[in-house]
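Input: a single structure, listed below in structure tokens.
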Amino acid sequence: MSKEITSRKDDYSQWYNDLIIKGGLADYSAVRGCMVIKPYGYALWENMRDVLDKMFKDTGHQNAYFPLFVPKSLFEKEEENAEGFAKECAVVTHYRLKVNPDKKGALMVDPESKLEEELIIRPTSEAIIWNTYKGWIQSYRDLPLLINQWANVVRWEMRTRLFLRTAEFLWQEGHTAHATAEEAVAETKQMLEVYADFAETYMAMPVIKGVKSANERFAGALDTYCIEAMMQDGKALQAGTSHFLGQNFAKAFDVKFSDKENKLDYVWATSWGVSTRLIGALVMAHSDDDGLILPPKLAPIQVVIVPIFKGEEQKKAIDEKVSVLVKELKQAGVKVKYDDSDNARPGWKFAEYELKGVPLRIGIGARDIQNNVVEVARRDTREKKSYPMEGLADSLVNLLNDIQQSIYNKAFNFREEHITPAETWDEFVKLLDEKAGFISAHWDGTGETEDKIKELTKATIRCIPLNNTKEEGKCILTGQPSNQRVLFARAY
RNA sequence: CGGGGCGUAGCGUAGCCCGGUUAUCGCGCCUGCUUUGGGAGCAGGAGGUCGCAAGUUCGAAUCUUGCCGCCCCGACCA
């Protein structure tokens with residue numbers, strides 16, 4: 001009867017899957033590694049997308065759209081990038097099917113239709129975009145070029161997980177071109193700030209801004225900046241990245257511009273992206289064993305109203321009250337749903353909207369109408385309280401703000417409690433096994449040491465925090481000198 | 001790619017080892033009545049290529065072989 005949700009304690013990853021499926025965010029599909037994003041999940045994505053889109057436009061970017069297919073000859077131009085993604089590319093080799101003469105009702109690939117050049121389904125769009133930019137940029141007057149695209153990409157991952165890693169996913173990718181390295185770096189950092197602001201202000205998910213070690217850097221980038229979030233099981237989740245690409249792509253695709261002195265130079269590039277993975281992050285950051293907990297600023301439904309009545313007469317009286325309230329709430333910019341469907345009783349609805357993470361639920365029945373109040377239930381704390389009808393819209397708006405802040409604080413406190421310094425290797429290993437979270441430790445700065453640590457513990461360097469204080473110390477593994485701590489964790 | 005699991009009604013399942021009436025049960029769905037402040041009750045009803053294909057057999061959800069698909073764990077990765 002009830003939609004049983006596996007508890008976090010019993011099986012964290014099953015809990016996650018239960019929330020996605022039973023909360024109605026997505027479904028498995030007939031395609032390996034690909035999911036169907038259901039209306040409720042897509043509404044969440046639309047809300048995230050709308051906010052981000054506005055932030056991008058406010059920082060001077062424009063949207064455009066580039067092809068899904070990338071000819072192999074273009075794809076391979078920036079070598080490092082091509083090699084980094086080579087293992088996970090879907091490749092189109094033919095353009096036609098025909099009826100299979102040996103098998104009735106079946107189709108086969110028409111061998112006659114082999115493409116002269118294979119088309120790569122974009123795992124990321126640098127290649128096709130930089131090939132295009134070559135035609136768009138001649139002069140310093142054409143710069144900066146600030147473009148974003150909302151798109152789907154395909155990465156043929158060995159193992160997939162709903163939202164966190166699917167073979168096809170939705171994302172945005174910004175690709176900018178600049179006249180100077182300084183300007184490109186500033187853009188890279190600016191977009192990192194945009195992402196961090198979005199994560200913290202809208203997702204109510206605290207993040208650590210940092211820079212990736214060379215090992216974890218985007219293929220083809222000189223520097224990869226990132227925001228790292230901590231999930232409730234203590235694992236890290238990379239929630240967004242912003243790359244300073246130097247002149248790598250400009251050189252690979254021969255994109256040059258004339259400066260004021262008529263001197264030719266290659267342009268400087270950035271790229272940055274966040275994906276539907278953010279939905280996975282959102283789910284794991286806040287939700288509990290009863291279902292999703294969504295931040296009010298992104299929730300598809302912020303307030304749900306459930307009528308409780310005996311007989312048509314009561315229902316009518318409730319309808320009247322509610323229609324006024326709904327109007328007020330809409331005027332106050334609140335996304336409200338009045339669920340007067342008759343196929344479920346109130347108790348069922350309560351449980352259902354808790355599962356779906358609706359921040360506030362209003363119960364209204366005959367006795368409330370008599371007292372001119374409603375019962376308001378908070379999803380995050382599960383607290384129930386009566387509120388007077390008078391000024392209710394304002395009270396609810398305040399409550400929504402309160403919830404937004406309160407789930408942020410909760411996530412923030414959790415994270416702070418789960419960042420632990422380690423001074424010795426033994427301590428490091430012990431912490432990884434016994435305490436969930438990030439470990440702050442010294443590292444000698446070499447890729448070899450990082451690889452070794454990963455091999456021994458599965459922990460990786462999540463980032464070198466941007467606001468790091470310099471501090472002398474010794475590498476946790478090799479004992480070599482180090483001048484700052486970095487954050488280690490097991491990651492999604 | 002290695003290891004494990006699963007495939008029976010919209011969903012979740014029993015039956016399979018040991019072949020044999022009409023394939024089990026719950027949820028959901030339809031109709032009616034009663035209900036409605038935490039996942040309603042009663043009564044009646046509809047709904048099935050038992051993943052696909054071949055084989056064994058008088059007879060296959062059940063046995064054999066082959067295939068397909070999805071999920072989970074690990075290596076790769078956002």
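Convention: sequence-line order gives letters A, B, ...; per-chain numbering from 1.
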Query raised in the report: Which part of the nucleic acid does A/Thr166 contact within heavy-atom distance under 4.0 Å: base, sugar-phosphate only, or nothing?
Result: base
Query - Sugar-phosphate, base or nothing in reach of A/Gln238, heavy atoms under 4.0 Å - result: sugar-phosphate
Query raised in the report: In whole angstroms, how far is the C1' atom of B/rU35 from the NZ atom of A/Lys315?
Result: 16 Å
Query raised in the report: Can you tell me how far C1' of B/rG39 sits from CG of A/Asp290, to the nearest Å?
Result: 12 Å
**Report entry** Euclidean distance for C1', B/rC18 against B/rA9 (whole angstrom)
**Finding:** 28 Å
Query raised in the report: Nearest to the side chain of A/Pro346, which nucleotide is it out of B/rU36, B/rA75, B/rG38?
Result: B/rU36
Query raised in the report: Got a donor-acceptor pair under 3.5 Å from the side chain of A/Lys384 to the base of B/rG37?
Result: no
Query raised in the report: Within the structure shown, what part of the strands sits under 4.0 Å from A/Val374 by heavy-atom distance: base, sugar-phosphate, or nothing?
Result: nothing
Report task. Look at all strands and tell whether A/Gln14 reaches a base, only sugar-phosphate, or nothing, counting heavy atoms closer than 4.0 Å. Result -> nothing
Report summary line: Paired to B/rG44 by Watson-Crick or G-U wobble criteria (both distances under 3.5 Å) is B/rC30
Query raised in the report: Would you say the side chains of A/His243 and A/Thr224 form a donor-acceptor pair under 3.5 Å?
Result: yes
Query - Complement of B/rG39, any strand, by Watson-Crick or G-U distances under 3.5 angstrom - result: none
Query raised in the report: Is the phosphate of B/rG74, meaning OP1 or OP2, less than 4.0 Å from a side-chain N or O of A/Arg159?
Result: yes
Query raised in the report: For atom P, what is the distance between B/rC52 and B/rU35, given to the nearest Å?
Result: 47 Å
Query raised in the report: Within less than 4.0 Å of OP1 or OP2 of B/rC70, is there a side-chain N or O belonging to A/Arg32?
Result: no
**Report entry** Any side-chain donor near an acceptor of the partner, A/Arg122 and A/Thr124, under 3.5 Å
**Finding:** no
Requested in this report: Take the protein atom CD of A/Glu216 and the nucleotide atom P of B/rC76, then report the distance between them rounded to whole Å.
Outcome: 11 Å
Query raised in the report: Out of B/rG37, B/rA75, B/rA78, which nucleotide sits closest to the side chain of A/Met158?
Result: B/rA75
Query - Inter-nucleotide C1' distance (B/rG19, B/rG15), Å rounded - result: 12 Å
Query raised in the report: Nearest 0.5 Å, what's the SG-CD1 distance between A/Cys463 and A/Ile208?
Result: 6.0 Å
Report summary line: By nearest-nucleotide position on RNA chain B, the 5'-leaning member of A/Ala344 and A/Leu164 is A/Ala344
Report task. Report the nucleotide, chosen from B/rU36, B/rG38, B/rC71, that has the shortest atom-to-atom distance to any side-chain atom of A/Ile308. Result -> B/rU36
Query raised in the report: Could you state the NZ-P distance from A/Lys87 to B/rA75, rounded to the nearest angstrom?
Result: 14 Å
Report task. Nearest whole angstrom, please: distance from the P of B/rC11 to the NZ of A/Lys22. Result -> 14 Å
**Report entry** Same-atom distance (P) from B/rG48 to B/rG39, integer angstrom
**Finding:** 33 Å
Query raised in the report: Under a 3.5 Å cut-off for both distances, is B/rC63 Watson-Crick or wobble paired, and to whom?
Result: B/rG55
Query raised in the report: Does B/rG69 have a Watson-Crick or wobble mate here (both distances under 3.5 Å), and if so which one?
Result: B/rC6
Report task. For B/rU13 versus B/rG51, give the span between their P atoms, rounded off to a whole number of Å. Result -> 14 Å
Requested in this report: State, without any angle test, whether A/Asp319 and A/Tyr338 hold a side-chain donor-acceptor pair at a distance under 3.5 Å.
Outcome: yes
**Report entry** Gap between atoms CD1 and P, on A/Ile305 and B/rU36 respectively (whole Å)
**Finding:** 22 Å
Query raised in the report: Closer to the 5' end of RNA chain B via nearest nucleotide, is it A/Gly33 or A/Trp156?
Result: A/Gly33
Requested in this report: Please state whether the base of B/rG38 and the side chain of A/Arg361 form at least one donor-acceptor pair under 3.5 Å?
Outcome: yes
**Report entry** Whole-Å distance separating the CG atom of A/Asp18 from the P atom of B/rG12
**Finding:** 12 Å
Query - Sugar-phosphate only, base, or nothing, as touched by A/Leu237 at under 4.0 Å among non-hydrogen atoms - result: nothing
Requested in this report: May I ask you to say whether A/Lys77 pairs ionically with A/Glu126, meaning some side-chain N is under 4.0 Å from a carboxylate O?
Outcome: no
Query raised in the report: Distance check: side-chain N/O of A/Asn17 vs OP1/OP2 of B/rC71, anything under 4.0 Å?
Result: no
**Report entry** Spacing of the P atoms in B/rG59 and B/rA46 (rounded, Å)
**Finding:** 31 Å
Query raised in the report: At under 4.0 Å between heavy atoms, what does A/Phe169 touch on the DNA or RNA strands: base, sugar-phosphate, or nothing?
Result: base
Query - Nucleotide nearest A/Asp368 (side chain, heavy atoms from C-beta), chosen from B/rA78, B/rG37, B/rA75 - result: B/rG37
Requested in this report: Considering just the side-chain nitrogens and oxygens of A/Tyr28, establish if one lies under 4.0 Å of OP1 or OP2 belonging to B/rC72.
Outcome: yes
Requested in this report: Determine the interatomic distance between C1' on B/rG10 and the same-named atom on B/rC30; round to the nearest Å.
Outcome: 14 Å
Query raised in the report: So what's B/rC1 paired with, Watson-Crick or G-U wobble, going by both distances under 3.5 Å?
Result: B/rG74
**Report entry** A/Tyr12 side chain to A/Lys235 side chain, donor-acceptor N/O pair below 3.5 angstrom
**Finding:** no
Requested in this report: For A/Ala366, report the nucleic acid contact type (base, sugar-phosphate, nothing); a contact means any heavy atom under 4.0 Å.
Outcome: base
Report task. Return no unless some side-chain N or O of A/Ser13 is found under 4.0 Å from OP1 or OP2 of B/rC73. Result -> yes
**Report entry** Atom C1', compared across B/rC50 and B/rA14: separation rounded to whole Å
**Finding:** 12 Å
**Report entry** Side-chain H-bond candidate by donor/acceptor type, A/Gln190 with A/Glu193, under 3.5 Å
**Finding:** no
Report summary line: Rounded to whole Å, the CD-C1' distance (A/Gln172 to B/rA78) equals 12 Å
Report task. Go through the side-chain N and O atoms of A/Ser341 and A/Asn343 and say whether any donor and acceptor fall under 3.5 Å apart. Result -> yes
Query - Carboxylate-amine/guanidinium contact A/Arg8 A/Asp289, below 4.0 Å - result: yes
Query raised in the report: Which of the following nucleotides, B/rG38, B/rA78, B/rU36, is nearest to the side chain of A/Ser275?
Result: B/rA78
